[in-house]
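Down below is the structure, laid out as structure tokens.
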Amino acid sequence: MEKRAELYAGKAKSVFLTDDPDYLVLQFRNDTSAFDGEKVEQLDRKGMVNNKFNAFIMQTLQAAGIPTHFERLLGDDEALVKRMAMIPVECVVRNIAAGSIVRRLGVQDGMDLNPPTFEFFLKNDALHDPMVNDYHIRTFGWASDEDVAQMKALTFRVNEVLKKLFDDAGMLLVDYKLEFGRFHGQVILGDEFSPDGCRLWDKQTRNKLDKDRFRQGLGGVVEAYEEVASRLGIKLD
Ligand code: UDP
């Protein structure tokens with residue numbers, strides 16, 4: 001597989017074409033951003049840690065029967081993925097209240113959410129990723145009803161697999177964001193799963209082990225990600 005020109009540079013990852021139109025190279029950079037790109041810093045080792053973390057999670061999900069775009073690791077900060085047509089919405093499931101749901105609904109930070117909630121957000125930094133519902137998605141043609149049903153079903157299946165994975169390693173999966181796309185007509189999981197896009201708390205202390213450390217200026221961001229990786233048995237070096 002030959003890496004070709006850069007197709008797109010996002011806030012934390014860059015995407016490159018390959019000699020095969022069905023595949024892309026995903027490069028995980030050290031850039032770390034928050035607040036719709038208003039706060040940006042370079043964090044040493046983060047690209048490598050997230051690339052390997054993501055590979056482990058995607059392979060775990062794939063093994064559990066959840067289709068993903070992940071093919072294989074190519075190096076420390078690169079992976080080969082299927083080229084999908086992305087659906088421009090983010091799917092968020094919450095097991096515990098934190099972040100925007102606390103701000104929007106005034107609910108208690110840290111309360112258990114039973115059953116877990118599901119939310120769609122439009123991917124649009126300029127509009128600050130507004131919350132949207134199934135009707136917006138259908139009316140504006142972002143995805144079909146079948147795609148919406150599939151995204152919801154897959155996002156909840158991910159919850160079953162990953163809640164247990166993190167729980168067994170002494171962590172609470174508080175919430176997470178997933179993005180999907182279409183590949184030869186099938187809706188599959190794309191983007192990444194890493195501590196940049198989920199909240200993970202230590203089960204005993206409820207210490208934050210995710211990007212909230214960066215958002216809230218708590219320090220020790222990559223160290224926390226490495227701690228999570230180590231608890232899951234992910235080899236980084
Ligand atoms: N999230 C993300 N990208 C976004 C917005 C949210 O990865 O553009 C993740 C975030 O890390 C958290 C979950 O989605 O795990 C829910 O985020 P929330 O709506 O609480 O927003 P936030 O408080 O992060 O602004």
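Read the numbers this way: they start at 1 and go in the same order the structure lists the ligands and their atoms. Side chains included, hydrogens not; waters and symmetry mates left out as well; all remaining heavy atoms used.
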(request) Do me a favour and list the nearest non-hydrogen protein atom to atom 8 (O) of ligand 1 with residue, atom name and distance? (result) Asp129 OD2, 3.1 Å
(request) Tell me which part of Arg215 gets within contact of ligand 1: side chain, backbone, both or neither, using heavy atoms under 4.0 Å. (result) side chain
(request) Answer yes or no for atom 12 (C) of ligand 1: protein heavy atom present at a distance under 4.0 Å? (result) yes
(message) Just to confirm my output: which protein heavy-atom neighbour is closest to atom 15 (O) of ligand 1, and how far is it?
(response) Asp175 OD1, 2.6 Å
(request) Determine, for Asp31 against Arg29, whether the closest basic-nitrogen to carboxylate-oxygen distance falls under 4.0 angstrom. (result) yes
(request) For atom 7 (O) of ligand 1, state which one of Lys177, Lys211, Lys11, Lys123 supplies the nearest heavy atom. (result) Lys177
(message) Let me confirm one number: the NZ-CG distance from Lys211 to Asn50, rounded to the nearest 0.5 Å.
(response) 9.0 Å
(message) Under the side-chain contact (heavy atoms from CB on, under 4.5 Å) test against Asn95, which residue among Asn159, Asp112, Leu172, Asn114 passes?
(response) Asn159
(message) With side-chain contact (heavy atoms from CB on, under 4.5 Å) as the test, pick out the partner of Val221 among Arg213, Arg215, Glu226, Lys46.
(response) Arg213
(request) Number the atoms of ligand 1 from 1 as they appear, then name those within less than 4.0 Å of a heavy atom of Cys198, with their elements. (result) 11 (O), 15 (O)
(message) Starting from atom 25 (O) of ligand 1, what is the nearest protein heavy atom, named by residue and atom, and what distance separates them?
(response) Arg103 NH2, 3.2 Å
(request) Determine, considering heavy atoms only, which of Arg94, Arg199, Glu90 sits nearest to atom 22 (P) of ligand 1. (result) Arg199
(request) Go through the structure and list residues passing side chain to side chain contact (heavy atoms under 4.5 Å, CB included) with Arg72, not counting sequence neighbours. (result) Met1, Leu74, Leu80
(message) Quick check on contacts: which atoms of ligand 1 are under 4.0 angstrom from a heavy atom of Gly99?
(response) 20 (O), 23 (O)
(message) If the cut-off is 4.0 Å to any non-hydrogen atom of Ala98, which atoms of ligand 1 fall inside it?
(response) 20 (O)
(request) For ligand 1, note which part of Val174 has a heavy atom under 4.0 Å away: side chain, backbone, both or neither. (result) neither
(message) For the CZ atom of Arg199 and the CG atom of Asp175, what is their distance to the nearest 0.5 Å?
(response) 4.5 Å
(message) Contact between ligand 1 and Asp210 is defined here as a heavy atom of the residue under 4.0 Å from a ligand atom; is it met?
(response) no
(message) Under 4.0 Å between a side-chain nitrogen and a carboxylate oxygen: does that hold for Lys11 and Asp36?
(response) no
(message) Less than 4.0 angstrom from a charged side-chain N to a carboxylate O is my criterion; do Asp202 and Arg206 meet it?
(response) no
(request) Return the option from Ser100, Gly197, Ala12 holding the heavy atom at the smallest distance from atom 18 (P) of ligand 1. (result) Ser100
(request) Kindly compute the distance separating CG (Leu17) from CG (Asp20), expressed to the nearest 0.5 Å. (result) 11.0 Å
